[in-house]
Amino acid sequence: MSYSVKEIFYTLQGEGAQAGRPAVFCRFSGCNLWSGREADRAAAVCRFCDTDFVGVDGVGGGKFASAEDLAAAVDGKWPAGSAGGRKFVVCTGGEPLLQLDSAAIAALHGRGFEIAVETNGTVAAPEGIDWVCVSPKAGVGAGPGLVQRSGHELKLVFPQFGFDPPLFEGLVFRNFFLQPMDGPDRVRNTELAVQYCLDHPQWRLSLQTHKILGIA
């Protein structure tokens with residue numbers, strides 16, 4: 001299998017339980033909930049995505065003919081000669097589970113990486129992924145469309161109309177996060193998320209610290 005990747009870059013994880021951890025981000029091209037084209041946003045299942053995942057023209061991006069080629073490109077972004085701390089890759093998108101398969105997982109593990117995935121939950125995660133973060137979308141719902149119903153963290157962008165946190169509280173996740181929706185109402189959305197977490201301690205607040213810090 002070949003792999004289409006928008007970009008591969010080294011930064012700090014900005015969100016959720018792994019916030020602040022150095023990581024290589026591997027952003028796969030394509031998504032099953034939105035084409036990525038603005039002309040299609042109004043009719044998309046997910047309408048608030050703020051990420052460019054179209055094409056393979058980003059920094060470090062491209063088409064990789066094999067899992068080993070992909071793993072080598074990811075490994076090339078990790079600082080050479082670094083000591084301490086396991087190498088960490090975050091597979092994201094778009095929807096990474098449309099492409100991330102057992103061969104890529106094996107190749108990344110072979111180069112010493114701990115593998116995290118950030119998924120919308122509509123595709124089952126293959127065996128071997130070390131950290132599964134599910135971020136469900138309102139257009140999919142909490143019913144049968146949400147296929148991946150367990151993992152290490154559930155990260156709900158908040159608020160989404162008619163898509164409330166209690167829908168997910170019975171799912172099997174170690175961590176439950178509310179992340180304020182970005183955009184013109186970000187300040188108000190943050191206030192709402194803070195208050196909800198205070199009132200419902202099962203939930204924790206996730207901020208997009210990479211945006212606050214002005215890093216990739």
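In this structure, the side chain of Q99 engages the main chain of S29 through a donor-acceptor pair within 3.5 Å. R27 contributes no side-chain N or O that, together with a main-chain N or O of F9, makes up a donor-acceptor pair within less than 3.5 Å. In this structure, the side chain of E118 does not engage the main chain of T92 through any donor-acceptor pair within 3.5 Å. The closest donor-acceptor contact from the side chain of N120 to the backbone of T122 lies under 3.5 Å. In this structure, the side chain of Q202 engages the main chain of E169 through a donor-acceptor pair within 3.5 Å. Side-chain N or O atoms of Q13 include none that pairs as donor or acceptor with a backbone N or O of Q18 at under 3.5 Å.
Counting heavy atoms from C-beta on, the side chains of L167 and L156 never come closer than 4.5 Å. For the pair I8 and F64, the minimum side-chain heavy-atom distance is below 4.5 Å. In this structure, the side chains of F161 and P159 stay at 4.5 Å or more apart for every pair of heavy atoms. Taking 4.5 Å as the limit, some side-chain heavy atom of W203 sits within range of a side-chain heavy atom of L154. Between Q160 and F48, the closest side-chain pair of non-hydrogen atoms falls below 4.5 Å. Residues F28 and F53 have side chains not in contact (no heavy-atom distance under 4.5 Å, counting atoms from C-beta outward). Using a 4.5 Å heavy-atom threshold, the side chains of K87 and D75 count as touching. Side-chain contact between F88 and P22: absent, with no pair of heavy atoms (C-beta onward) separated by less than 4.5 Å.
Shown here are the salt bridge (charged side-chain N to carboxylate O under 4.0 Å, His left out) partners of E127, two or more places apart in sequence or in another chain: there are none. Considering only residues two or more places apart in sequence or on other chains, F177 meets the ring-ring contact (aromatic ring centres under 6.0 Å, His included) condition with none of them.
Residue V117 forms a side chain to side chain contact (heavy atoms under 4.5 Å, CB included) with just one option from L97, V134, D130, V89, and that option is L97.
No more than 12 heavy atoms of other residues, nucleotides or ligands sit less than 6.0 Å from atom NZ of K63. Taking a 6.0 Å sphere around CZ of R41, one finds it holds more than 12 heavy atoms contributed by other residues, nucleotides or ligands.
The residues R37 and D40 are annotated as salt-bridged, a charged nitrogen and a carboxylate oxygen being separated by less than 4.0 angstrom. In summary, E95 and K137 do not engage in a salt bridge, as defined by a charged side-chain N under 4.0 Å from a carboxylate O.
Heavy atoms only, all atoms of each residue included: V24 and F113 are closest at CG2-CE2, 4.3 Å. Summarising the geometry of H210 relative to G14, their closest heavy-atom pair is ND1-CA, 3.6 Å, with the distance given to 0.1 Å. A142 approaches F168 most closely through the heavy-atom pair CB-CE2, 3.7 Å. Minimum heavy-atom separation, A71 to R111: O-CD, 3.5 Å. Considering every non-hydrogen atom in both C49 and C46, the closest pair reads N-SG, 4.1 Å. Scanning all heavy atoms of the two residues, the minimum distance from S4 to V56 falls at CB-CG1, 4.0 Å.
Note: I105 CD1 to C91 SG = 8.0 Å, rounded to the nearest 0.5 Å. In this structure, the separation between CD on E15 and OG on S135 is 8.0 Å, given to the nearest 0.5 Å. How far CD of Q148 is from CZ of F173: 6.5 Å, rounded to the nearest 0.5 Å. Separating the OG1 atom in T190 from the CG atom in D182 is a distance of 8.5 Å, to the nearest 0.5 Å. In this structure, NE2 on H109 lies 8.5 Å from CD1 on I129, to the nearest 0.5 angstrom. Between D199 atom CG and Q195 atom CD the span is 4.5 Å, to the nearest 0.5 Å.
Hydrophobic cluster membership differs between V140 and V132, with clusters built from Ile, Leu, Val, Met, Phe, Trp and Tyr side chains linked at under 4.5 angstrom. Residues V194 and I212 share a single hydrophobic cluster, defined by chaining ILVMFWY side chains whose heavy atoms lie under 4.5 Å apart. L100 and V147 fall into different hydrophobic clusters, where Ile, Leu, Val, Met, Phe, Trp and Tyr are joined by side-chain heavy atoms under 4.5 Å apart, directly or via other members. Note on L205 and L192: separate hydrophobic clusters, where clusters join Ile, Leu, Val, Met, Phe, Trp and Tyr whose side-chain heavy atoms are under 4.5 Å apart, directly or indirectly. The cluster map of Ile, Leu, Val, Met, Phe, Trp and Tyr, joined by side-chain heavy atoms under 4.5 Å apart, puts M181 and L207 in different clusters.
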Practice prompt. Give the C-alpha distance, both sets of side-chain angles, the deciding distance and a yes or no for side chain to side chain contact (heavy atoms under 4.5 Å, CB included) between L178 and K155.
Written response: CA-CA 6 Å; L178 290 188; K155 184 174 62 184; over 6 Å; no
Discussion item. Set out, in order, the CA-CA distance, both residues' side-chain angles and the distance that settles side chain to side chain contact (heavy atoms under 4.5 Å, CB included) for Q208 and R186, then state yes or no.
Written reply: CA-CA 11 Å; Q208 294 182 297; R186 177 182 55 82; over 6 Å; no
Fill in: Full working for side chain to side chain donor-acceptor pair (under 3.5 Å) between D69 and Y3
CA-CA 9 Å; D69 290 344; Y3 305 89; over 6 Å; no
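Ring-plane geometry between W131 and H152 is classed as parallel, the angle between the planes falling under 30 degrees on a 0 to 90 degree scale with a further cut at 60. Ring planes of Y196 and F158: tilted class, angle from 30 to 60°.
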